[in-house]
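Side-chain atoms are counted along with the backbone in the values below, which use heavy atoms only and exclude waters and symmetry mates.
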Amino acid sequence: MQTHQYDVVIVGAGGAGMRAALESSTRVRTAVISKLYPTRSHTGAAQGGMCAALANVEEDNWEWHTFDTVKGGDYLVDQDAAEVMAKEAIDAVLDLEKMGLPFNRTPEGRIDQRRFGGHTRNHGEAAVRRSCYAADRTGHMILQTLYQQCVKNDVEFFNEFYVLDLLVDHDLAAGHVPDGEEVNVSGVVAYELATGEIHVFQAKSVVLATGGAGKIYKTTSNAHTLTGDGMALAYRRGIPLEDMEFFQFHPTGLAGLGILLSEAARGEGGILRNSEGERFMERYAPTIKDLAPRDIVARSMANEVREGRGAGPNKDYVLLDLTHLEPAHIDAKLPDITEFARTYLGIEPYTEPVPVYPTAHYAMGGIPTNIEAEVLRNSTDVIRGLYAAGEVACVSVHGSNRLGTNSLLDINVFGKRAGISAAKYALTARFVELPENPAATVVAGLEEIRTRPDGDRVADIRKALQETMDLNAQVFRTSESLTQALADIKALHKRFRRVSVQDKSKMFNTDLLEAVELGFLLDIAETVVVGALNRDESRGGHFREDFPDRDDKNYMRHTMAYRRPLPVKGHRLWGTEGDGDHKGSFAHTTLFDDYQLVLGSKPVTMTRYQPMERKY
């Protein structure tokens with residue numbers, strides 16, 4: 001076992017992690033730990049753009065952007081965070097431009113901008129050009145640009161190191177820690193893929209930037225590596241997860257595959273049609289049609305299919321029509337996604353419409369943070385030295401539904417803030433003493449799986465999990481379907497205890513790490529399903545067919561999911577006095593074999609916009 005000491009340790013080398021590293025590494029000694037080579041991070045798969053009210057092409061301002069973000073998130077957005085993001089968006093884009101990012105340009109040489117779903121002028125009058133883009137590979141360009149800057153600034157990377165435990169001086173999952181009591185982070189435990197060696201990183205500050213958890217679903221735009229590692233590590237340590245029931249299904253995934261076709265296709269004039277050739281979004285969102293927010297478009301598409309207007313031999317998808325656009329325009333603005341259609345479906349987008357269907361894309365929920373990226377352990381108390389940014393975090397700037405292009409903005413604005421906050425804290429803080437044997441839990445868990453002679457295969461359990469999530473917890477949900485998903489997840493937890501791997505070696509044992517990642521996926525799936533079961537309303541990305549209306553009276557609050565010990569005899573059901581809500585709509589507990597999931601809630605921060613009916 002090796003021990004390292006850094007002022008700041010950043011876990012994850014995607015957009016948020018590297019943006020944090022650029023700020024932190026110029027101030028204090030910083031290490032970035034990534035399970036991938038940085039340029040393979042999933043930020044590179046983002047296509048459409050990064051929004052900012054530059055007003056280069058049309059009149060725009062940050063206040064309109066804030067309103068669109070709040071309305072797009074169905075008013076579950078913390079409005080202080082949305083204001084910060086919209087105001088700092090302009091500098092975030094200009095920072096990237098100065099780093100050398102090759103944005104598309106207007107004829108006058110300014111950064112070009114295009115329309116995107118849910119972004120409007122003057123509080124919903126009409127679509128506005130707000131998305132700054134580099135063709136349809138904006139995320140790829142951001143990732144390359146940030147990595148070049150990190151190399152230039154001698155940022156230290158530990159690539160292909162898997163962080164498997166988060167070290168804090170109070171184990172919150174073991175029981176209630178009184179409100180106001182100080183809880184500190186002390187570091188992380190990581191596994192080196194090449195050697196199988198364990199590394200302990202002691203740090204004054206830890207920034208979690210590990211991305212999303214789309215692989216809980218079978219049909220997803222997410223890469224194989226998006227297994228919710230950071231969220232699950234925090235959850236296992238008793239840190240709550242916020243608003244996990246809200247998962248975004250991107251409307252235009254390649255039918256049957258889930259590979260993403262950017263919303264930029266509709267921003268450039270693409271039209272969604274059903275089997276009758278009708279532009280059906282005119283019925284669902286008369287003002288901005290195909291550029292309505294993603295939750296509305298995804299539900300509309302799924303509804304067309306359910307009502308028998310789907311296209312194809314099985315009537316199970318709709319069509320994205322680009323055939324009325326000039327081929328030269330398509331090649332200039334959408335080169336990657338048209339190539340995807342040719343490569344994976346054998347379709348020529350110049351002359352044929354592309355089959356599309358919603359695909360699991362983005363987790364709106366995550367580790368709760370404030371606007372300084374500090375991680376919260378309840379509604380108010382922070383864990384000193386622990387920060388989170390990007391998709392792993394819930395600041396909550398996306399509420400119950402994220403607008404397109406706000407994710408690349410989120411990682412840049414809050415990645416930067418996390419790096420500055422972590423470095424600032426590390427300058428004055430002392431190292432917190434590590435526990436006596438910090439890697440004991442990780443070593444024991446890995447050895448148990450690696451040496452188990454025979455048992456269930458990882459791929460079988462993962463497939464069963466993804467199938468039940470696709471079937472029971474996707475675009476449309478009911479109490480019955482979610483109850484089935486929860487029963488399946490509990491059964492899969494039992495099977496996971498018997499999981500074994502074929503590869504018993506220590507070097508490059510990806511089989512072993514996939515087993516660990518499967519454990520993370522099961523943890524994340526249970527928080528999604530329990531949160532969705534408890535929220536008896538429809539809001540944003542969470543649509544309950546048995547409760548089709550939004551219910552602000554009972555549910556205008558953030559869900560908080562805590563992992564806690566099983567009830568002790570003589571105690572109330574949740575076994576502790578202070579965690580979770582003891583009455584009201586969020587007073588809910590689900591028992592698992594050796595712990596319980598306790599729900600609580602957190603108030604929504606409102607500054608200038610009161611909830612209204614959401615129409616487009």
Side-chain angles (χ1 to χ4, degrees), residues 48-49 51-55 57-77 79 82 86 113-131 133 248-252 261-274 276-304 307 309 318-322 324-325 356 358 398-406 409 475 538-543 548-550 552 608-616:
C51 54
L54 299 181
V57 184
E58 293 176 351
E59 184 190 356
D60 200 4
N61 65 60
W62 69 264
E63 196 269 335
W64 294 351
H65 183 184
T66 306
F67 172 77
D68 288 338
T69 298
V70 172
K71 182 182 174 185
D74 221 347
Y75 295 91
L76 205 69
V77 171
Q79 294 179 22
Q113 295 181 279
R114 63 178 161 210
R115 296 188 178 97
F116 236 78
H119 292 281
T120 66
R121 69 165 182 264
N122 199 18
H123 311 102
E125 266 184 17
V128 73
R129 295 179 185 274
R130 187 177 290 150
S131 170
Y133 63 98
Q248 179 165 91
F249 298 91
H250 194 292
T252 52
L261 282 195
S262 173
E263 197 167 305
R266 284 171 285 137
E268 294 294 347
I271 293 170
L272 291 167
R273 300 190 188 279
N274 58 24
E276 296 157 17
E278 178 201 6
R279 185 181 190 176
F280 59 85
M281 283 310 300
E282 290 178 333
R283 283 189 273 114
Y284 298 96
T287 305
I288 53 177
K289 304 180 180 71
D290 302 272
L291 289 174
R294 289 174 177 174
D295 60 322
I296 293 173
V297 180
R299 274 197 299 278
S300 305
M301 291 168 64
N303 199 52
E304 289 297 298
E307 292 182 0
R309 293 185 293 277
V318 299
L319 298 165
L320 177 64
D321 184 6
L322 303 173
H324 55 289
L325 301 178
V356 290
H398 306 304
S400 60
N401 172 64
R402 174 175 73 74
L403 290 188
T405 68
N406 267 354
L409 179 58
V475 176
S538 292
R539 184 188 297 270
H542 166 70
F543 191 84
D549 299 320
R550 195 175 85 189
D552 289 350
R608 59 175 77 202
Y609 307 110
Q610 289 306 307
M612 303 185 301
E613 190 186 352
R614 193 159 159 257
K615 289 179 179 172
Y616 286 96

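Although no hydrogens or angles enter the test, the distance criterion places no donor-acceptor pair under 3.5 Å between the side chain of Glu58 and the main chain of Val128. Judged purely by atom type and a 3.5 angstrom limit, Gln79 has no side-chain atom pairing as donor or acceptor with the backbone of Thr66. At least one donor-acceptor pair under 3.5 Å links the side chain of Arg114 to the backbone N or O of Gly48. The main-chain N or O of Cys51 is never found under 3.5 Å from a side-chain atom of Ser131 such that the two would form a donor-acceptor pair. Between the side chain of Ser300 and the main chain of Met281, no donor-acceptor pair closer than 3.5 Å is present. Listed for the Gln248 side chain is a donor-acceptor partner under 3.5 Å among the backbone atoms of Arg402. Between the side chain of Asn401 and the backbone N or O of Gly541 there is no donor-acceptor pair closer than 3.5 Å. Panel note: side chain Arg130, backbone Gln113; no donor-acceptor pair is recorded below 3.5 Å.
The two residues Trp62 and Ala53 come nearest to each other via the heavy atoms N-CB, 3.7 Å. In this structure, Ala302 and Val475 approach most closely via the heavy-atom pair CB-CG1, 4.3 Å. Between Ser262 and His250 the shortest heavy-atom distance is C-CE1, 4.4 Å. Heavy-atom minimum distance, Gly72 versus Leu403: CA-CD2, 3.9 Å.
In summary, Arg279 and Asp290 engage in a salt bridge, as defined by a charged side-chain N under 4.0 Å from a carboxylate O. Ion pairing between Arg539 and Asp295 fails under the 4.0 Å rule for side-chain N and carboxylate O.
With contacts defined as side-chain heavy-atom distances shorter than 4.5 Å, the pair Tyr609/Val77 does not qualify. Using a 4.5 Å heavy-atom threshold, the side chains of Arg115 and Ile288 count as separate. Looking at heavy atoms from C-beta onward, Glu276 lies out of side-chain contact with Glu304 at the 4.5 angstrom threshold. Counting heavy atoms from C-beta outward, Arg550 and Glu613 have side chains that stay 4.5 Å or more apart. Residues Ser400 and His542 form no side-chain contact, since every pair of their non-hydrogen atoms from C-beta on lies 4.5 Å or further apart.
For the side chain to side chain donor-acceptor pair (under 3.5 Å) test with His119, the passing option among Asp68, Asn406, Thr69, Thr405 is Thr405; the others fail.
Interatomic distance, OG1 of Thr252 versus CZ of Arg294, reported as 8.0 Å (0.5 Å rounding). In this structure, Asn122 CG and Asp60 CG are separated by 10.5 Å, a value rounded to the nearest 0.5 Å. The CE atom of Met301 sits 11.0 Å away from the OH atom of Tyr284 when rounded to the nearest 0.5 Å. Going from atom CD of Glu263 over to atom CZ of Phe116 covers 5.0 Å, rounded to the nearest 0.5 Å. Rounding to the nearest 0.5 Å gives a distance of 10.5 Å between OG1 of Thr120 and NE2 of His65. Taking CD1 of Ile296 as the start and CG of Leu291 as the end, the distance is 12.0 Å to the nearest 0.5 Å.
In the model, Tyr75 has no side-chain atom that pairs as donor or acceptor with a side-chain atom of Asp552 under 3.5 Å.
Relative to the six-membered ring of Phe280, Arg309 misses at least one condition, a distance below 6.0 Å or an angle of at most 45° to the axis.
Counting non-hydrogen atoms of neighbouring residues, nucleotides and ligands closer than 6.0 angstrom, the CD atom of Glu59 reaches no more than 12 such neighbours.
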Derivation of the side chain to side chain contact (heavy atoms under 4.5 Å, CB included) call for Lys71 and Met612: CA-CA 8 Å; Lys71 182 182 174 185; Met612 303 185 301; 5.5 Å; no
Residues Val297, Arg266; criterion side chain to side chain contact (heavy atoms under 4.5 Å, CB included); working and verdict: CA-CA 11 Å; Val297 180; Arg266 284 171 285 137; 4.0 Å; yes
Run the side chain to side chain contact (heavy atoms under 4.5 Å, CB included) test on Leu272 and Lys289 for me, step by step, so that the C-alpha distance in whole Å, both residues' side-chain angles and the decisive distance to 0.1 Å come before the verdict. CA-CA 9 Å; Leu272 291 167; Lys289 304 180 180 71; over 6 Å; no
